[in-house]
Amino acid sequence: MATFLRILGIETSCDETAAAVVARHEDGRGEILSDVVLSQLDEHSAYGGVVPEIAARAHVEALDGLVEEALTRAGVSLDEIDAVAATSGPGLIGGLIVGLMTAKAIARASGKPLLAINHLEGHALTARLTDGLSFPYLMLLVSGGHTQLVLVRGVGEYERWGTTIDDALGEAFDKTAKLLGLPYPGGPAVEKAAQTGNPNRFSFPRPLVGEARLDFSFSGLKTAVRQAATEIAPLSEQDVADICASFQKAISRTLRDRIGRGLARFKQEFAALDVDPALVVAGGVAANQEIRRTLQALCIENGFRFIAPPLRLCTDNAAMIAWAGLERFAGEFPADALDVAPRSRWPLDKQAQAVLGSGKRGAKA
Amino acid sequence: MIVLAIDTAGVDCSAALFDSAEGKVLSAVTETIGKGHAERLMAVIDQALAGANLPLERVERIAVVIGPGSFTGIRVGVATARGLALALGIGSVGVTTLEVLAHSYLADHPEKQVVAAMDAKRGEIYAQAFSGDGTALNQAAALSAENVAELARSFSAVVIGSGAAASAGTGEGAGSDRFDIATVARIGAEKPLDISRPKPLYLRGPDAKPQTGFALARS
């Protein structure tokens with residue numbers, strides 16, 4: 001389908017309320033016409049993490065206003081939109097319900113198709129919006145909720161090569177920050193403290209280094225940090241800085257090993273094909289400069305292009321949801337019925353074995 | 001004016017169409033489903049529209065039940081109402097569950113004062129007093145059974161709803177928190193159209209406490 005398309009995107013799966021209008025030109029090029037995000041950071045900071053009920057309450061009060069603003073900024077009316085795309089999972093169910101119901105109502109009232117989008121697919125396809133990347137490529141998603149290495153073969157074709165078997169990487173940053181009395185969110189706080197720290201003072205474990213499988217694990221590292229910190233408490237500013245620097249070093253080492261193996265596997269798998277290998281990062285942890293430097297160096301060594309979309313498109317946003325909708329719409333994937341249910345759990349790769357969090361709600365991600 | 005009323009705050013998933021000029025209920029659909037409102041609501045609205053033989057574009061106002069009730073259920077309704085209002089370019093108003101219960105009772109017992117009382121579990125009752133013409137006499141709140149009884153005494157009001165028995169009220173209208181969706185439409189049609197959009201009425205905090213004692217001591 002080679003026509004000009006515009007889609008309204010809605011994202012409410014965690015603690016950002018977001019709406020965006022994105023266009024897809026005839027040649028397949030994407031263009032963000034508007035992209036508004038309302039962060040709930042202040043509402044949650046006192047709790048040291050996202051409180052689901054507080055998040056849901058904030059989404060329902062703000063979302064319709066943000067949709068109006070996104071339309072106004074894009075200079076389009078609902079009549080000029082081709083479809084409505086909303087995150088319908090995975091994520092916090094209270095927020096997903098608000099976004100999906102708003103999208104259903106707008107789709108029904110404007111007579112446009114509804115596209116229920118997997119949040120992870122939004123992250124996975126962002127590099128095609130920002131950099132026009134072609135398939136296949138590797139995507140590393142590192143956020144507060146996810147740590148996954150995914151092979152992106154095409155729209156709707158994903159293979160999860162590695163995932164965390166316990167905590168997400170962003171979670172490890174948040175918990176380390178909490179332990180050290182640093183503010184929430186932990187990522188930026190730990191990174192800042194690490195700048196004046198000695199990365200060699202503590203020798204923290206580098207989980208799964210040397211293992212052939214591509215999974216991640218961060219809970220042991222978290223425990224090691226707690227033990228080392230408890231031993232020397234009360235902590236001075238320098239102690240905190242040293243712990244943060246040593247923690248970041250351990251993470252960089254782990255990622256170097258884990259992702260290095262992933263890059264090798266990609267090269268092996270696509271050796272016969274004329275593929276220009278690329279690694280894309282997404283998720284809030286991709287903002288960490290040391291992790292970026294590590295990945296960048298690794299990519300250079302292995303002859304990979306390193307693609308890090310601008311930070312506001314790495315963290316949760318609605319432009320990526322609109323874009324995933326555009327890719328699906330242009331690929332003539334079917335629209336969703338208005339009885340589609342939000343899904344707190346929704347693995348991107350349906351074939352992948354559940355590594356953790358399997359139960360009646362299914363595999364976690 | 002054609003009003004579309006929706007309710008997803010309790011076990012029911014309901015929609016009704018009401019013509020306020022004629023004072024006539026055009027259609028009403030109620031499915032008692034307990035959960036799964038997010039999946040069913042659009043179909044229930046479509047059934048109500050089909051029953052009234054009206055396209056959605058003819059709707060001129062949305063009235064939605066904003067609680068108290070199931071937090072998630074309330075948000076299903078409010079998000080839908082606000083989304084529809086935005087896309088149709090029409091107004092939307094919120095109607096409280098307590099107000100609907102009171103109006104339902106007063107329709108059969110005019111000129112009485114009434115306290116609408118819903119069992120909120122955890123030893124609390126959502127309650128509010130209304131005069132015989134349906135005007136609220138105090139702010140809705142989550143109260144103890146004693147406080148509801150006190151409220152009823154102070155207004156010489158009869159207590160109705162699932163919280164009536166617990167508050168040792170007269171129990172005249174006691175029992176259920178169920179209501180006819182058409183009542184929501186009637187109340188919604190009368191409300192002044194505020195600039196502010198319908199907001200959930202939770203009557204309870206989000207049940208989260210700031211974490212303390214997790215961080216290690218600093219020197």
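What you are looking at is a predicted structure, and each value in this text was computed from that prediction instead of being measured. Chain letters run A, B, ... following the sequence lines, proteins first, then strands; residues in each count from 1.
Contacts of A:I106 with chain B are made by both backbone and side-chain atoms, with heavy-atom separations under 4.5 Å. Neither the backbone nor the side chain of A:S77 comes within less than 4.5 Å of any heavy atom of chain B. Within the 4.5 angstrom heavy-atom criterion, only side-chain atoms of B:D46, from C-beta onward, approach chain A. For a residue to count as touching a neighbouring chain, one of its non-hydrogen atoms must lie under 4.5 Å from one of that chain's; by this rule B:R40 does not touch chain A. At a 4.5 Å heavy-atom cutoff, B:A43 makes no contact with chain A through either its backbone or its side chain. When heavy atoms are compared at a cutoff of 4.5 Å, B:I90 does not approach chain A at all. Of the atoms belonging to B:L41, it is side-chain heavy atoms, and not backbone ones, that fall under 4.5 Å from chain A. A:V98 touches chain B through backbone and side chain together, each having a heavy atom under 4.5 Å away.
Taking the six-membered ring for Trp and the full ring otherwise, the centers of A:Y47 and A:Y184 sit at least 6.0 Å from each other. Checked against the 6.0 Å centroid criterion, the rings of A:F204 and A:F247 do not qualify as a close aromatic pair.
Of the listed residues (B:A208, B:P206, B:A38, B:P200), the one with the most heavy-atom contacts under 4.5 Å to chain A is B:P206. Interface remark: of the candidates B:G83, B:P55, B:P198, B:A85, B:G83 forms the most heavy-atom pairs closer than 4.5 Å to chain A. Here B:R75 is the residue among B:K199, B:R75, B:M42 with the most heavy-atom pairs under 4.5 Å with chain A. In terms of heavy-atom pairs under 4.5 Å with chain A, the best-connected choice from B:V78, B:L88, B:I74, B:V76 is B:V76. Comparing A:E237, A:E68, A:R57 by heavy-atom pairs within less than 4.5 Å of chain B, the highest count is held by A:R57.
Cation-pi geometry between B:R61 and B:F18 is not met at under 6.0 angstrom from the ring centre and within 45 degrees of the axis.
Judged purely by atom type and a 3.5 angstrom limit, B:D119 has no side-chain atom pairing as donor or acceptor with the backbone of B:S162. Side chain of A:E11 to main chain of A:S13: a donor-acceptor pair is present (N/O by atom type, distance under 3.5 Å, no hydrogens or angles).
Salt-bridge check for B:E39 with A:R343: failed, with every basic side-chain N at 4.0 Å or more from each acidic carboxylate O.
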- Message: Let's go through A:D42 and A:S45 carefully: what are the C-alpha distance in whole Å and the side-chain angles of both, what is the deciding distance for side-chain hydrogen bond (donor to acceptor under 3.5 Å, both in side chains) to 0.1 Å, and is it a yes or a no?
- Response: CA-CA 5 Å; A:D42 294 346; A:S45 59; 5.2 Å; no
- Take B:T183 and B:H103 through the side-chain hydrogen bond (donor to acceptor under 3.5 Å, both in side chains) test and state the conclusion after the steps. CA-CA 7 Å; B:T183 310; B:H103 279 251; over 6 Å; no
